[in-house]
Novice: 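Okay, handing you the structure first.
Computed over heavy atoms, backbone and side chain alike; hydrogens, waters and symmetry mates excluded.
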Amino acid sequence: QVQLMESGGGSVQAGGSLRLSCVVSGYTGSGDCMGWFRQAPGKGREGVTAICRDSSTYYDYSAKGRFTISQDNAKNTVFLQMNSLKPEDSAMYYCASDPLPYGGYFVWGGPIEYANWGQGTQVTVSS
């Protein structure tokens with residue numbers, strides 16, 4: 001059974017930085033890509049970024065230039081470095097693995113639907 005565990009969330013002031021981690025355990029199947037998503041209270045889930053097995057990366061417009069996704073395959077871990085944080089970045093952040101076949105792609109290139117999700121880590125940015 002695949003399990004994803006996020007960590008690294010917290011409270012920071014605007015302009016600050018956080019580094020999120022997502023450790024994957026268990027069988028992951030094809031595991032072509034992994035993604036980060038976020039969901040703020042009262043809003044729908046939105047894709048933030050994705051990284052694929054060939055190390056290609058994809059970013060939503062809101063994240064491009066400020067966030068960096070990376071992976072350590074030896075440790076089955078994906079990271080999300082978030083710099084220049086804004087209050088509108090406040091949300092629960094989730095990592096996801098194993099894109100679903102025919103799940104489609106965001107306009108920015110990352111897969112939309114994944115088979116496995118973590119429990120999330122909270123990010124709060126104050127102004």
Novice: If we only count heavy atoms from C-beta on, is the Ser55 to Gln71 side-chain gap below 4.5 Å?
Specialist: yes
Novice: Shortest non-hydrogen contact from Ala50 to Tyr114?
Specialist: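 So the two residues come closest at CB-OH, 3.8 Å.
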Novice: Would you say that Ser21 contacts Lys75 through its side chain, given a criterion of any heavy-atom pair below 4.5 Å between the two side chains?
Specialist: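 They are not in side-chain contact.
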Novice: Taking atom CD of Glu46 and atom CD of Gln39, what is their separation to the nearest 0.5 Å?
Specialist: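 Taking CD in Glu46 and CD in Gln39, the distance rounds to 9.0 Å.
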Novice: To the nearest 0.5 Å, what is the distance between CD on Gln3 and OG on Ser97?
Specialist: 11.0 Å
Novice: OH of Tyr93 to SG of Cys22: how many Å apart, nearest 0.5 Å?
Specialist: 14.5 Å
Novice: Contact between Pro99 and Tyr105 at the side-chain level, heavy atoms closer than 4.5 Å - yes or no?
Specialist: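 Counting from C-beta outward, Pro99 and Tyr105 never come under 4.5 Å.
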Novice: Within the distance-only criterion (no hydrogens, no angle test), does the side chain of Gln13 pair as donor or acceptor with the backbone N or O of Ser126 below 3.5 angstrom?
Specialist: no
Novice: Just wondering, do Ile69 and Tyr59 contact through their side chains at under 4.5 Å, heavy atoms?
Specialist: yes
Novice: Is Met34 close to Leu4 at the side-chain level, that is, under 4.5 Å between some pair of heavy atoms?
Specialist: yes
Novice: How far apart are the closest heavy atoms of Gly120 and Met92, and which atoms are they?
Specialist: C-SD, 3.7 Å
Novice: Of the non-hydrogen atoms in Asp89 and Val125, which two are nearest, and what is the gap between them?
Specialist: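 Heavy-atom minimum between the residues: CB-CG2, 4.4 Å.
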Novice: In Å, rounded to the nearest 0.5 Å, how long is the span from OH of Tyr94 to CZ of Phe37?
Specialist: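 Here the interatomic distance stands at 12.0 Å.
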Novice: Roughly how far, to the nearest 0.5 Å, is OG1 of Thr121 from CE of Met5?
Specialist: 10.5 Å
Novice: For the hydrophobic clusters of this structure (ILVMFWY residues joined by side-chain heavy atoms under 4.5 Å, transitively), does one cluster hold both Tyr58 and Val107?
Specialist: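 Per the 4.5 Å side-chain linkage, Tyr58 and Val107 are co-clustered.
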Novice: Could you tell me whether the side chain of Val2 reaches within less than 4.5 Å of the side chain of Trp117, counting heavy atoms only?
Specialist: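 No - every pair of side-chain heavy atoms lies 4.5 Å or more apart.
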Novice: Give, for atom CG of Leu85 and atom CZ of Phe67, the distance between the pair rounded to the nearest 0.5 Å.
Specialist: 5.5 Å
Novice: How about Glu6 and Leu20: do any of their side-chain heavy atoms sit closer than 4.5 Å?
Specialist: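 No, side chains not in contact.
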Novice: Between Ala40 and Ala91, which heavy-atom pair has the shortest distance, and what is it?
Specialist: N-CB, 3.8 Å
Novice: Looking only at non-hydrogen atoms, find the nearest pair between Ser84 and Arg66 and report the distance.
Specialist: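 So the two residues come closest at O-NH1, 2.9 Å.
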Novice: More than 12 non-hydrogen atoms from neighbouring residues, nucleotides or ligands closer than 6.0 Å to CD on Gln119, yes or no?
Specialist: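 Open: at most 12 neighbouring heavy atoms sit under 6.0 Å from CD of Gln119.
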Novice: Do you know which two heavy atoms are closest between Asn83 and Ser17, and how far apart they sit?
Specialist: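 It is OD1-OG, 2.9 Å.
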Novice: Applying the side chain to side chain contact (heavy atoms under 4.5 Å, CB included) criterion to Thr49, which one of Val78, Thr68, Asp60, Leu80 satisfies it?
Specialist: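 The option that passes is Leu80.
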Novice: For a 4.5 angstrom cut-off between non-hydrogen side-chain atoms, does Asp32 reach Cys52?
Specialist: no
